[in-house]
Amino acid sequence: MTEEQRMQRELRSVRPRHDDPELPDDITADDLDRIARNELKTLTKDNAEAVGRHLAMAARVIDEDPELAHRHVMSAARRAGRIAVVRESLAITAYATGDFALALRELRTYRRISGSNAQLPLMVDSERGVGRPDRALELGRSVDRSTLPAGVQVALAIAMSGARLDLGETEAALSELEIAQLDPKTAFSYSSELFAAYAEVLEELGRTDEADLWNERASRADAALNGDVDETIEIVELDDEEFDEDEDDTHEESDEDEADNADTPDELETADLTITDTEDIASPDDESTDESESATDHAEGVDEDPETTPVD
């Protein structure tokens, strides 16, 4: 059986009958990011537009209505089953609806088509979803983590920690999260989730005071990310003395000085945090710039994570 025949058979078995959900007039394939649109260029123009609209609509509604998002991706998959981003999106919406077996199967297909390990964390979590934490751990250990982008490393650590918890291995679950990105002084777009996961395991271990501290750090990082700043930001904790000095310097700055510094990124000061917009953010020790795409990522675009230097 050829690869194409196998994919067609897989798609037929997903759902025997399927009616395309309606698409609003304001949704177009241009709502996808450039990478996703490029993948669709192998299709005819009309088909690429139809597939792109369904993917973009899925990204729009997945948080509020994952079932509807899944139906839209099903429509895309029936038109473009050999496109990696389509199979990836099908896996993500299946996962969102709780169909972990389908998610796992589609993730394997995506991995086979693309050759990418970007969705390895979701594969590990899907193995957990079907009740196989041992296999989840084996899958997570099958790839050299240093080859993965920082965000994927974090997501994988969280999934692996969850599998350890499934097995009652709480100390090991904590160790899974003690990675380079668990840095309380510098937070990135993925840090709030990592901090919260670490706090949860500390709570399981009865280390309540430490758990409260990490929950506070998670809340502050999350608040920064949901504010009026770019998703890729750097959060640096300052000592109280340093913070007071910075505050005094700010009050003494003249309008002329502000004009001279017009090219410097704006800074927001809150509590003992300095939040600085940055364009180049990365893992503290990983310069990999591979991208992890998802249904939502393809609609909004995801910046790579080049190396960064902490703000003084």
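Since the structure is predicted, the reported quantities are computational estimates derived from the model, not experimental observations.
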I would like to know whether Tyr198 and Glu210 meet side-chain hydrogen bond (donor to acceptor under 3.5 Å, both in side chains); could you show each step before the answer?
CA-CA 10 Å; Tyr198 196 64; Glu210 292 175 81; 5.8 Å; no

Phe195 and its side chain to side chain contact (heavy atoms under 4.5 Å, CB included) partner, picked from Leu182, Asp222, Asp183, Asn215:
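In the set Leu182, Asp222, Asp183, Asn215, the residue that makes a side chain to side chain contact (heavy atoms under 4.5 Å, CB included) with Phe195 is Leu182.
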
Under a 3.5 Å distance rule, please check whether [X] uses its side chain to pair with a backbone N or O of [Y] as donor and acceptor.
X	Y	result
Ser142	Leu139	yes
Gln181	Val154	no
Arg37	Leu32	yes
Glu127	Arg132	no
Asn38	Ile35	no

Heavy-atom count around [X] [atom1] within 6.0 Å, excluding the residue itself: above 12?
X	atom1	answer
Glu49	CD	yes
Glu22	CD	no
Glu138	CD	no

Measuring from [X]:[atom1] to [Y]:[atom2], what's the distance to the nearest 0.5 Å?
X	Y	atom1	atom2	value
Leu90	Arg78	CG	CZ	10.0 Å
Glu67	Ile62	CD	CD1	11.0 Å
His70	Ser75	NE2	OG	10.5 Å

May I ask you to test the [X]-[Y] pair for a side-chain heavy-atom distance under 4.5 Å?
X	Y	answer
Arg79	Asp20	yes
Leu202	Leu213	no
Val152	Asn117	no
His54	Pro21	yes
Ile92	Val73	no
Arg207	Leu174	yes
Met160	Arg141	yes
Met123	Arg108	yes

Is Val86 reachable from Leu68 through a run of I, L, V, M, F, W or Y residues, each pair having side-chain heavy atoms under 4.5 Å apart?
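As far as the 4.5 Å side-chain criterion goes, Val86 and Leu68 are not connected within one cluster.
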
Shared ILVMFWY cluster between Ile158 and Trp214, side chains joined below 4.5 angstrom?
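Yes; tracing contacts between hydrophobic side chains, which count when under 4.5 Å, links both residues.
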
Of all the heavy-atom pairs spanning Arg53 and Ile27, show the shortest one and how long it is.
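Nearest pair, atom of Arg53 first, then Ile27: NE-O, 2.8 Å.
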
Of the non-hydrogen atoms in Pro121 and Ala159, which two are nearest, and what is the gap between them?
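For Pro121 versus Ala159, the nearest heavy atoms are O-CB, 3.8 Å.
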
Asp46 and Thr44: side chain donor to acceptor below 3.5 Å:
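No, no side-chain donor-acceptor contact under 3.5 Å.
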
Salt-bridge present (Glu176, Arg145; N to O < 4.0 Å)
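Salt bridge present between Glu176 and Arg145.
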
